[in-house]
Protein chains: 2
Amino acid sequence: MARKVRLHLTTPGPTNERSSLAEPPIEELGVSPDTVLLVGDLAKATGKTVRAIHLYEDLGLLRPHDRSKGRYRLFGPDALVRVRWITKLQSLGFSLSDIQELVRAQGDSESAKLAASRLSEVYLTKLAETRAKLDELRQLERELVESLSYLNACGSACEPLVPVHACPSCERHSESHTPDLVAGAQTH
Amino acid sequence: MARKVRLHLTTPGPTNERSSLAEPPIEELGVSPDTVLLVGDLAKATGKTVRAIHLYEDLGLLRPHDRSKGRYRLFGPDALVRVRWITKLQSLGFSLSDIQELVRAQGDSESAKLAASRLSEVYLTKLAETRAKLDELRQLERELVESLSYLNACGSACEPLVPVHACPSCERHSESHTPDLVAGAQTH
DNA sequence: CATAACCCTTACGTACGCGTGAGGGTTTGC
DNA sequence: GCAAACCCTCACGCGTACGTAAGGGTTATG
């Protein structure tokens with residue numbers, strides 16, 4: 001269960017963690033900007049395990065705002081944004097050490113402008129890779145569909161006594177040649 | 001260099017390895033049905049390493065037709081089909097042990113019909129997974145594009161002296177809220 | 001103040017898909 | 001018949017992203 005505004009924990013300093021003048025973007029309904037999350041809460045909210053959160057911290061990808069008197073990690077709502085960011089990057093094919101590099105590069109950037117241009121560069125490269133991967137997956141999707149339709153004929157036209165090794169001489173598949181995904185399964 | 005028709009190697013048996021009556025599908029221009037490949041040839045032709053080929057054999061995914069007098073593995077052209085099949089399955093997200101299971105199930109199928117229906121089942125499931133992955137990747141692609149356009153504004157409108165931590169209060173990005181892929185990089 | 005349900009650090013274990021030798025035969029081509 | 005370029009069989013190593021205890025404090029609740 002996510003606890004809210006755990007201010008009775010030893011949370012030193014002012015009530016609001018960000019003193020930015022701009023209206024802070026409300027992270028989520030029910031998560032106010034001074035919410036404090038324990039590692040378990042953060043884990044549940046992001047679908048990660050506690051172990052994973054710890055790992056991210058060890059790798060420098062994530063930092064708790066603070067610690068409680070008893071050394072509990074205390075996270076703000078921005079940790080949610082951060083962990084979801086990590087997750088999306090992973091889905092895009094970044095390894096955790098790729099992300100480490102990226103975080104370092106962002107941190108080393110003196111100006112926001114430089115940070116933005118570095119981020120753009122990385123994202124632009126990844127966009128190309130992602131599109132390549134999409135093309136590959138779309139092609140494989142087509143091959144799956146083609147194979148399924150090819151195999152459909154086996155379900156209706158083939159006789160139960162025919163053994164697999166007779167497939168190469170099968171006449172029941174119009175003139176279309178055997179899809180790779182089917183041929184590979186027979187070849188052995 | 002791929003050698004062809006290495007019949008001077010100890011290749012016992014008749015000249016043609018398949019005596020099927022049907023016209024054998026020519027595997028590739030320059031690869032006739034009685035071509036013999038050594039493991040290195042197979043590796044080069046498929047982009048795999050020799051180690052990988054050995055592994056596939058250990059896992060029961062692949063079998064050399066024969067061995068030379070000196071215990072060299074001798075592969076036929078169907079090994080090409082098989083290795084490419086394995087590669088495509090890997091790209092679809094099958095692990096090698098998934099493929100092991102699949103190969104076992106195919107081999108255990110008495111009839112071609114049963115084998116076909118089992119294969120269909122696996123492919124149908126994988127088709128759904130593939131489409132889900134496609135959806136996810138397409139969404140991430142959109143987010144990359146969105147982030148790049150957002151970051152473009154930083155390159156033109158932002159001042160060189162602005163530090164990264166000032167980004168949350170930036171006014172230069174119309175009303176569109178910060179994309180996750182950008183917000184995550186700033187949150188630290 | 002007791003107890004359940006958390007949290008802490010440390011550190012070894014796991015699954016996957018090969019990489020990388022070591023030590024030693026085999027083929028081919030000149 | 002000799003050297004280069006292959007191939008063989010072990011068998012340990014590696015990078016990634018956590019899993020899984022072990023041993024021991026901390027917090028909220030009654």
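Below, chains carry the letters A, B, ... as their sequence lines are ordered, and counting in each starts from 1.
Phosphate proximity of dT27(C) to S68(B): present, with a side-chain N or O under 4.0 Å from OP1 or OP2. Neither OP1 nor OP2 of dC10(D) sits under 4.0 Å from any side-chain N or O of H54(B). Contact annotation: R71(A) does not reach the phosphate of dT26(D) (side-chain N/O to OP1 or OP2, under 4.0 Å). Within the 4.0 Å cut-off from OP1 or OP2 of dC7(D), not a single side-chain nitrogen or oxygen of R73(B) is found.
Remark: side-chain polar atoms of K113(B) are paired, donor with acceptor, to backbone N or O of C158(A) under 3.5 angstrom.
Comment: R138(A) does not engage E141(A) in a salt bridge, judged by the lack of any side-chain N to carboxylate O separation of less than 4.0 angstrom. In this structure, D180(A) pairs ionically with K88(B), as a charged nitrogen and a carboxylate oxygen lie closer than 4.0 Å.
Taking the six-membered ring for Trp and thresholds of 30 and 60 degrees, H173(B) and Y150(B) have nearly parallel ring planes, at less than 30 degrees apart.
Counting atom types as modelled, Y72(A) pairs no side-chain N or O with a base atom of dC8(C) as donor and acceptor under 3.5 Å.
Distance, D66(A) CG to dC7(C) C1': 15 Å, rounded to whole Å. Between the CD1 atom of I53(A) and the C1' atom of dC8(C) there is a distance of 16 Å, given to the nearest Å. As a whole-Å value, the separation of D58(B) CG from dC10(D) C1' is 11 Å. Between L89(B) atom CG and dG17(C) atom P there is a gap of 12 Å when expressed in whole angstrom units. Atom CD1 in I99(B) sits roughly 9 Å away from atom P in dC18(C) (whole-Å rounding). Rounded to whole Å, atom P of dC8(C) lies 8 Å from atom CD of E57(A). Atom pair F75(A):CZ and dC7(C):C1' shows a separation of 11 Å (rounding to whole Å applied). The interatomic distance linking L74(B) (CG) with dC7(D) (C1') rounds to 11 Å, in whole Å.
L62(A) has its side chain within reach of F75(A): a pair of non-hydrogen atoms, C-beta onward, lies under 4.5 Å apart. Using a 4.5 Å heavy-atom threshold, the side chains of Q90(A) and L96(A) count as touching.
Heavy atoms only, all atoms of each residue included: K126(B) and L92(B) are closest at CD-O, 3.4 Å.
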Practice prompt. Would you give a per-nucleotide map of nucleotides 11-22 of chain D, 5' to 3', where B means the base has a protein non-hydrogen atom under 4.0 Å away, S means only the sugar-phosphate does, and - means neither?
Written response: B----SSBBB--
